[in-house]
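Only one structure is covered here, and it is reproduced in the block below.
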Amino acid sequence: MNSAHFYVIIIVMSMGSEASDEILSLEKQMVSYFSDGAKLLGLPKSVGEMYGLLYSSREPLAMDEMVQRLEISKGSASQGIKMLRTLGAVLEENKPGDRKTYYKADVELKRLVGGFIKEEIRPHMESGSRKLKALEGDVDALPAGEEKEFLLERVERLERWSKRVQMVLPLLQKFLGTKS
């Protein structure tokens, strides 16, 4: 245990168990909040839990500490850190005399959203465009009839939705000041 963690423990202990219970309860609520957000975005629950823990922590945390506090596997934590790094959601710190890597939440919304758009949304949009083109070709190959007309209308609607999202993403990135 480093001196910073020891200091935090002393402060919490001096506040009494009621205060430490309140802090732990608030930490759990933040972890739950980010866990729900991760699930909503299609990310693993553990990624949200890890970000929530880092977000609620005053001090950077090592991966083994996150594993212990969140009661998740090392493999899940390793994958979570990798994803959080890719999204630009965590910052790494090294402490003198300690070989561990410590992590803290990057709390800049524009970097979080920019990382999510770049790593998650754009690849899906590109993949989706290819799938729509293939789908359109398959529907065009159907024999004429009501079913073909219905499916063509649906594919065209999907293409319009896709174009709208592609128009909105750069605006969102510009609004947040992120890079494309």
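FYI, side chains are in, hydrogens and waters are out, and symmetry mates aren't considered; it's all heavy atoms of this structure. Nothing here was measured: the structure is a model prediction, and the numbers come from that model.
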Backbone of Ser73 reached by a side-chain donor or acceptor of Ser76 within 3.5 Å: no
Asp106 backbone acceptor or donor facing Tyr51 side chain under 3.5 Å: yes
Could you list the donor-acceptor pairs under 3.5 angstrom formed by side chains in residues 150-165, with sequence neighbours left out?
unit_1	atom_1	unit_2	atom_2	d
Glu153	OE2	Arg157	NE	3.1
Glu153	OE2	Arg157	NH2	2.8

Residues in salt bridge (Lys or Arg N to Asp or Glu O under 4.0 Å) contact with Arg99, at least two apart in sequence or another chain: none
Ignoring hydrogens and angles, write down the donor-acceptor pairs under 3.5 Å from the side chains of residues 130-148, residues two or more places apart or on other chains.
unit_1	atom_1	unit_2	atom_2	d
Lys148	NZ	Asp140	O	2.9
Lys148	NZ	Leu142	O	3.1

Parallel, tilted or perpendicular: ring planes of Phe34 versus Tyr55, cut at 30 and 60 degrees: tilted
Listed partners of Tyr103 passing ring-ring contact (aromatic ring centres under 6.0 Å, His included), at least two apart: none
Sequence-distant partners of Lys45, side-chain contact (heavy atoms from CB on, under 4.5 Å), two or more places apart: Ser35, Lys39, Glu49
Neighbour count >12 (heavy atoms, 6.0 Å) for atom CD, Gln166: yes
Within-4.5 Å side-chain heavy-atom neighbours: Met83 and Pro44: yes
Residue pairs passing the salt bridge (Lys or Arg N to Asp or Glu O under 4.0 Å) test where at least one lies in residues 74-88, sequence neighbours excluded: Arg85-Glu92
Donor-acceptor pair between Thr101 and Glu93 side chains, under 3.5 angstrom: no
